[in-house]
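Within every chain, numbering begins at 1; the chains are lettered A, B, ... in the order of the sequence lines, protein sequences first and strands thereafter.
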Amino acid sequence: MNPHNPNQTFPSAPPGIPFPMLTPKQEPRDETIQEIQYPNLENLPNQNLNLNLSLNLDFVSQALEQPTTTTAGAGTVDAARMAEIFRRSFTEGLQRQIQNNDAVDENPNANARAIVPVSASESNYNNAPPAGEVVNVRKHKELVRMTDVGLPDQRQFRDVVRRTRMVYDSVRVLAMAEEEGNFNVRRVRSDLKASATMRSRGLWLNRDKRIVGAIPGICIGDVFLYRMELCVVGLHGQPQAGIDYLPGSMSSNGEPIATSVIVSGGYEDDVDEGDVIIYSGHGGQDKNSRQVFHQKLEGGNLAMERSMHYGIEVRVIRGVRYEGTSSTSGKVYVYDGLYRIIECWFDVGKSGFGVFKFKLWRIDGQAKMGSLILKEAFLLRRDPLCYKPMCVISLDISKGMERVGIRLFNDIDRCNDPMCFEYLPRATFPHFVFHESGNATGCQCEGFCGEGCFCFIKNGNDFPYSQSGLLLKGKPVIFECGPSCSCPPHCRNRVTQKGLKHRLEVFRSRETGWGVRSLDLIQAGAFICEYTGVVLTREQSEIMTMSGDSLIYPNRFSNRWTEWGNLSLIQDGYVPPSYPSIPPLDFSLDVSRMRNVACYISHSSTPNVMVQFVLYDHNNLMFPHIMLFAMENIPPLREFSLDYGVADDELTGKLVICN
DNA sequence: GACGGTTCAAGCGT
DNA sequence: CACGCTTGAACCGT
């Protein structure tokens, strides 16, 4: 539990699993039929621009010494010509700037002029416009680098980013839910719809300034399910293109500057070794992503070269295949931190066409790469004992009581406390709860629950979950279909009662004592687990408190559900639906003897997990189940955190409960 | 089901 | 302002 870490906690994911070496396929070239089309070199400008371009011609010739040269056939490549192509591409880019009357500055310190450092207080990052106002729809041109972001600001930024992503997800999931009835119509792209809605409301982040370097509030390892989401938070501004940059026409010295790149393996000549990337420039491809032309040093390619020249770092986002993402095409985007471009050359790609290549080095001293953590989690899912098997105390502390096993992992000390408790997969309520709640009334639906369903009406004429089981809107309490309903077990209104879906792990951490994380990526809005224990009435609680046992008070959890699915920023005059008020909860959970995985979750005031009360097996509003949902996409192996609603100085007491 | 092709996208730079 | 470009995503057919 670390209340001073705004970014939740970065659990120490197991180190030492080597990053897979993704070497390019070494296919033998057929040198005799290689045909290379050259751009027309006749119109090369003859005047010597004499710009001292700091062209490193060494790597040009190095590239040319590769076995791309052939000795036979019509397409003989010679080094001089390739160098000429390179030089030509380069001068074209510069000439364009000269025509624009932009000064070409050769002082590498121009970096200092091109980029204005901005401190957190100067940024108007926090000023969300009032609902309905359309503002700042286009990107701004000023290039800045965020500096001196203090801890309170970081926490603030993190919160703004989290809320923004929550709105994005809410709108997206609701858009998807609206479309569910239409089978004949082509489905609306919910990812695009959500971003468009937010853009028209001025809810995209970081559009007043173009940020080079880290984006405040976004941590290395954060996972995004859609390209558009990257645009919404300002991490990468291009919906499709891989290089985002400030165009020369807008920069202060007339030169384009790259800000971020997405590495997703779309170019055959890319090489990704984790800390070192050989990134291909863009262009030269046909509609089927085949390389059919030479690339030119313009647009993003030129921006990359200029960024290298000035030593300006770029953000790297990796597109990674991820099995099991329900709604997406099986790809997620992970922010992997800042890289420096250290080399740039013009090479002949596998296709035989000229390709710009950029060598990127990851800057030292950053948090562990998100894509590496994804890889490790993948290996752990495949073989739970593949890393430090001696530290795996148990493969399932629930001893088969949950649908999936819960690992217990400790590579810090010899403590194995979680083994000493009886595992309780569901909260146990006093018997009177079931009797005093009147007749448990269920719905009469057959096959599936639809509009007329009684449970649907009880939830305020809403289904609480999307078709894929994501929480749509936080409510004081949610009514799931239960044992007295006639609908089948696979009914969409039965989510939490089915129990755990993700492979969780209780792990030992130096910062938080025990913590909980998942081996799976958990989507925002997904159910995680119940917070169980033995339910005690107030009278029983008072007695137990005197005997010094560990009690959890459900009414203390902060009401984060109010934020989830709240569309007040999107819909003009949006009023949160008026829910039937529920009486203040007056019970406690005794976790001193029987507990489940939930009580090892750490506290944070910027949590990634929230509480939603749910009823299904009885109708007593005073005693709902305490269900935990993901408030954001939680990457694998990142520690869960929950706002216990305690002041920081009470934390020591909270730690006692969890340890 | 895994693919590859097709279609419809959206923002941005020019 | 319209157009062209782009390492998307859903859908359809094989």
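- When heavy atoms are screened at a 4.0 angstrom cut-off, A/P247 is found touching the sugar-phosphate backbone but no base atom.
- Among the heavy atoms of the strands lying under 4.0 Å from A/Y279 is at least one base atom, whether or not backbone atoms are also near.
- Rounding to whole angstrom units, CZ of residue A/R189 and P of C/dC11 are separated by 10 Å.
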Take A/N301 and A/E305 through the side-chain contact (heavy atoms from CB on, under 4.5 Å) test and state the conclusion after the steps.
-> CA-CA 6 Å; A/N301 297 350; A/E305 196 282 335; over 6 Å; no

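- Listed nucleotides B/dT14, C/dA9, B/dG13 differ in distance to A/S249; the shortest reach to its side chain belongs to B/dT14.
- Following rounding to the nearest Å, A/Q295 (CD) and C/dT6 (P) show an atom-to-atom distance of 9 Å.
- At a threshold of 4.0 Å, the pair A/D336-A/K368 does not count as salt-bridged, since none of the basic side-chain nitrogens sits closer than that to a carboxylate oxygen.
- Atom CD in A/Q240 sits roughly 15 Å away from atom P in B/dG13 (whole-Å rounding).
- Atoms CG (A/L225) and P (C/dG8) sit 15 Å apart, rounded to a whole Å.
- Between the C1' atom of C/dC5 and the CG atom of A/N301 lies a distance of 13 Å, rounded to the nearest Å.
- Backbone-only contact: A/L192 has heavy atoms under 4.0 Å from sugar-phosphate atoms and none from a base.
- One interatomic measurement links the two molecules: CG of A/D244 to C1' of C/dT6, which rounds to 12 Å at whole-angstrom precision.
- Note on A/D169 versus A/R165: no salt bridge recorded, every NZ/NE/NH1/NH2 to OD/OE distance being 4.0 Å or above.
- Listed pair A/R227 / C/dA9 fails the phosphate criterion, with no side-chain N or O lying under 4.0 Å from OP1 or OP2.
- Nearest to the side-chain atoms of A/M228 among the listed nucleotides B/dC8, B/dT14, B/dG11 stands B/dG11.
- Of the nucleotides present, C/dC3 is the one that pairs with B/dG13 by Watson-Crick or G-U wobble criteria, both distances under 3.5 Å.
- In this structure, of B/dT14, C/dG8, B/dC12, it is B/dC12 that holds the atom nearest to the side chain of A/Q238.
- With B/dC8, B/dG11, B/dT14 as the choices, the nucleotide that has an atom nearest any side-chain atom of A/W204 turns out to be B/dG11.
- Between A/V355 and A/S280, the shortest heavy-atom contact is CG1-CB, 3.9 Å.
- Taking atom CZ of A/R172 as the reference point, atom P of C/dA10 lies 9 Å away to the nearest angstrom.
- Side-chain atoms of A/Y322 come within 3.5 Å of backbone N or O of A/L521 as a donor-acceptor pair.
- Put simply, NZ on A/K331 is 13 Å from P on C/dA10, counting in whole angstrom units.
- Using a 4.0 Å cut-off, some side-chain N or O of A/R210 falls inside it from OP1 or OP2 of B/dG13.
- Closest to the side chain of A/Y226, from the set B/dA10, B/dG13, C/dA10, is C/dA10.
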